[in-house]
**Q** 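Sharing a structure here in structure tokens format.
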Amino acid sequence: MAKGQNRYRADLREFHFCLFEQFKLGELLGKPPFVAWGEDEVRMAIAECYRFVCEVLGPLNAVGDETGCRLVDGQVVTPPGFKEAWAQLYEQGWKTIATDEEHGGQGGPYVLAVIIEELLSGANAAFTMYPGLAHGAAEVIAAFGTDEQKRRYLHAMQHGRFAGTMCLTEPQAGSDVGAARTRATPLPDGKYAISGTKVFISAGDHDLADNVVHLVLARVDGAAPGTKGLSLFIVPKRRVDEDGKVGGPNDVAVGALEHKMGINGNATCVLNFGENGACVGELVGGVPHQGMAQMFKMMNGARLLVGVQGIAVSSTAYLNALNYARERQQGPSILHWKDPTAPRVAILEHPDVRRMLLDMKARVEGTRCLALKLAIHGDRARLGGADAEYHRGQVELLTPLVKAYGSDQAFRVCETAIQTLGGAGYIKDWGIEQYCRDAKIFSIYEGTNHIQAMDLVGRKLGQAGGANLMAFLADVGRFVEANASHPLFGPSVRVLDGARTALQQTAMRLMGWSGNGKLPLVPLSANRVLEMMSETAVGWLLLDGAVIAEEKARALAADHPDAAFYAGKRAAAVYFARNVLPGVAAKAEVLASEEDSPLTIPDAGFATV
Ligand SMILES: Cc1cc2nc3c(=O)[nH]c(=O)nc-3n(C[C@H](O)[C@H](O)[C@H](O)COP(=O)(O)OP(=O)(O)OC[C@H]3O[C@@H](n4cnc5c(N)ncnc54)[C@H](O)[C@@H]3O)c2cc1C
């Protein structure tokens with residue numbers, strides 16, 4: 001792809017529909033805690049951010065991919081243009097939309113921040129990880145840091161002077177975070193000497209900010225094994241004095257820079273802490289052995305954002321494929337297939353291309369709806385009130401779905417986008433293959449998607465005595481009850497009802513397996529269960545949007561530009577309900593059969609080599 005060209009596309013009408021017509025954000029605006037925000041401000045922020053990403057981040061996407069990062073004299077040098085983009089991003093305040101005003105933010109709704117993240121990540125996923133990690137690390141310090149730590153680090157991290165990372169992974173401790181060996185040895189002044197190696201650290205070093213504040217999971221000497229004995233430390237790349245001024249190096253060295261499949265503009269580093277015995281860290285909040293609980297604060301936000309990265313990249317892949325399909329001409333219409341003189345048509349007219357396009361549209365818009373649903377639950381929880389607990393519960397329940405289903409669908413959509421372009425999709429000129437390479441990591445980092453599935457089946461389904469799951473099923477049930485006889489969507493709603501019932505029965509089955517000696521069937525089925533629940537949620541939200549779209553469309557003249565938009569919403573919902581949702585009941589049947597060949601095949605039976 002030509003360097004410096006923006007390929008990013010977003011459908012802002014779709015964002016407005018989700019926020020204002022479907023999720024009724026207007027009900028929350030203009031009152032605490034969103035007093036300063038009205039519908040106009042939200043629309044303006046989206047339009048301005050779209051302009052920013054198309055002008056600044058989008059043109060750097062291929063540059064970052066092709067140039068990558070370099071390690072020069074032990075320091076990471078980011079691709080050309082990244083430094084200027086970082087400065088502009090912070091000048092324009094795109095990372096503080098939903099940050100509390102008391103912490104220097106703009107106090108806006110999370111659901112808007114999620115849209116802003118989609119715009120940033122869709123235009124340039126690799127770049128956006130740098131401010132994303134800085135923001136996540138700052139949130140941990142805001143939530144758990146001492147007043148003194150907040151004073152020294154927070155403002156600098158929220159406004160781009162300092163960056164941040166999350167350092168969990170070690171060579172022997174990947175999914176098994178509790179196997180971490182990085183040590184923290186108490187020093188006389190209450191701080192700790194940190195020593196150990198972390199691997200695969202995103203944004204682990206760079207030249208965008210004055211300092212990089214690493215949040216490092218380490219074990220205080222003598223602490224318990226496993227995750228319980230882990231503590232979280234603030235370990236800056238360069239020391240920070242009492243007044244927040246940056247001093248000399250803190251013995252954090254970049255051991256290597258990984259060469260990888262995608263997100264090449266982001267520096268994935270091996271970091272060596274304390275090679276010379278001079279790396280000093282301080283406990284977050286001054287409290288030991290709370291590392292996992294504190295890190296989870298960052299990970300929950302990060303998991304939502306990884307799902308959003310997936311939605312962002314797959315959305316632009318879809319919109320680019322759509323654009324190509326409108327322009328590329330091949331073959332006559334199927335209705336004239338015998339006539340060699342029939343005019344060539346745009347590939348958009350061929351049924352299989354239309355199928356691919358609608359499949360992508362439904363998956364992108366459906367997973368976006370799911371992420372925004374989670375975010376609006378978060379915003380409603382912030383209002384407090386009697387149903388705050390319900391909203392918090394839904395945030396917990398939906399987080400693994402957004403992360404895992406959003407990222408799995410992203411790779412799938414990007415692959416379909418390549419297929420839609422044919423050979424042009426496979427070569428670099430069109431930028432689609434980069435989207436596909438970039439998207440693969442989303443299902444791996446921030447806990448692989450199997451780890452998300454285990455979080456769902458092992459923790460979230462039973463959380464609050466199963467109340468969160470029951471509330472979710474009740475929400476879907478109410479929609480089914482209200483719309484099962486809908487003249488247009490009735491048949492689709494009835495398929496949704498089948499999916500809901502299958503999901504409920506499967507949840508009971510999982511509990512049975514846990515109690516009757518068939519425990520290995522639970523992890524064997526976990527990914528499938530996550531998929532079933534995600535598809536049920538997406539099918540419900542798409543149909544909910546379609547019912548709204550249908551009502552709105554009835555009041556419009558046929559040639560109104562929104563008429564086609566609403567027709568698209570209806571088609572995507574029906575497509576998903578009739579082509580994807582029947583799979584939920586089918587998957588439940590497969591699970592019920594307790595087919596366990598992956599468990600019983602002898603290890604040597606996988607291959608003879
Ligand atoms: C580009 C990139 C950026 C990253 N950024 C960061 C970062 O910023 N900070 C950070 O700390 N880490 C980061 N990581 C690390 C990432 O989070 C890990 O790669 C991921 O958690 C998986 O760990 P692993 O690679 O060791 O795989 P493993 O844990 O070895 O897993 C390999 C396979 O086994 C499966 N598996 C593992 N354990 C189990 C189990 N108990 N039950 C069932 N299946 C299991 C996994 O699902 C996976 O399919 C990054 C990785 C990459 C590649």
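Both backbone and side-chain heavy atoms feed into the values below; hydrogens, waters and symmetry mates do not. Both ligands and their constituent atoms are indexed starting at 1 by order of listing.
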**Q** Once you measure the plane-to-plane angle for Phe82 and Phe127, does it fall in the parallel (<30°), tilted (30-60°) or perpendicular (>60°) bin?
**A** perpendicular
**Q** Look at atom 37 (C) of ligand 1 and say which protein heavy atom is nearest, naming residue and atom and giving the distance to 0.1 Å.
**A** Ser175 OG, 3.5 Å
**Q** Between Thr268 and Lys260, does any side-chain donor sit less than 3.5 Å from a side-chain acceptor?
**A**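 Indeed, the side chains of Thr268 and Lys260 share at least one donor-acceptor pair under 3.5 Å.
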**Q** What is the nearest protein non-hydrogen atom to atom 49 (O) of ligand 1, stated with its residue, atom name and distance?
**A**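 Result: Thr448 CG2, 4.7 Å.
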**Q** If we count only non-hydrogen protein atoms and require a distance under 4.0 Å, does atom 33 (C) of ligand 1 qualify as touching the protein?
**A** no
**Q** In the protein, which heavy atom is nearest to atom 51 (C) of ligand 1, and how far is it?
**A**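 Ranking protein heavy atoms by distance from atom 51 (C) of ligand 1, first comes Phe200 CB, 3.6 Å.
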**Q** What do you reckon, are the aromatic ring centroids of His214 and Phe273 less than 6.0 Å apart?
**A**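 Yes, they do, as the ring centres are separated by less than 6.0 Å.
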**Q** To the nearest 0.1 Å, how far is atom 18 (C) of ligand 1 from its closest protein heavy atom, and which atom is that?
**A** Thr169 OG1, 4.3 Å
**Q** Evaluate the 4.0 Å heavy atom contact test for atom 41 (N) of ligand 1: does a protein atom fall under the cut-off?
**A** no
**Q** Quick check: does Thr268 get an N/O under 3.5 Å from an N/O on ligand 1?
**A** no
**Q** Are any of the side-chain heavy atoms of Met533 and Phe472 separated by less than 4.5 Å?
**A**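 Yes; the side chains approach each other to less than 4.5 Å.
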**Q** Determine whether the aromatic ring centres of residues Phe442 and Phe411 are separated by less than 6.0 angstrom.
**A**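 No, the ring centres sit 6.0 Å or more apart.
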**Q** Less than 6.0 angstrom from the centroid, inside 45 degrees of the normal: does Arg303 satisfy that with respect to the ring of Tyr445?
**A** no
**Q** Do me a favour and list the nearest non-hydrogen protein atom to atom 53 (C) of ligand 1 with residue, atom name and distance?
**A**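 I find the closest protein heavy atom is Ile441 CD1, 3.3 Å.
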**Q** Counting non-hydrogen protein atoms only, what is the nearest one to atom 26 (O) of ligand 1? Give residue, atom name and distance.
**A** Gly174 CA, 3.1 Å
**Q** Which residue supplies the protein heavy atom nearest to atom 8 (O) of ligand 1, what is that atom called, and how far is it?
**A**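 Looking only at protein heavy atoms, the one closest to atom 8 (O) of ligand 1 is Ser202 N, 2.9 Å.
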**Q** Using a heavy-atom cut-off of under 4.0 Å, does the side chain or the backbone of Glu258 touch ligand 1, or both, or neither?
**A** neither
**Q** Of Asn468, Asp455, Thr399, which is the lone residue that meets side chain to side chain donor-acceptor pair (under 3.5 Å) with Lys460?
**A** Asp455
**Q** Verify the distance criterion only: is there a donor paired with an acceptor across the side chains of Glu594 and Trp513 at less than 3.5 Å?
**A**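 Looking only at side-chain atoms, Trp513 and Glu594 do form a donor-acceptor pair, the distance falling under 3.5 Å.
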**Q** Please indicate whether any nitrogen or oxygen in Cys167 is less than 3.5 Å from any nitrogen or oxygen in ligand 1.
**A**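 N/O-N/O distance under 3.5 Å: no.
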**Q** Which residue and non-hydrogen atom of the protein lie closest to atom 9 (N) of ligand 1, and at what distance in Å?
**A**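 The closest heavy atom on the protein side is Met166 O, 2.8 Å.
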**Q** Checking contacts now, so for atom 23 (O) of ligand 1, which I'm interested in, is there any protein heavy atom under 4.0 Å?
**A** yes
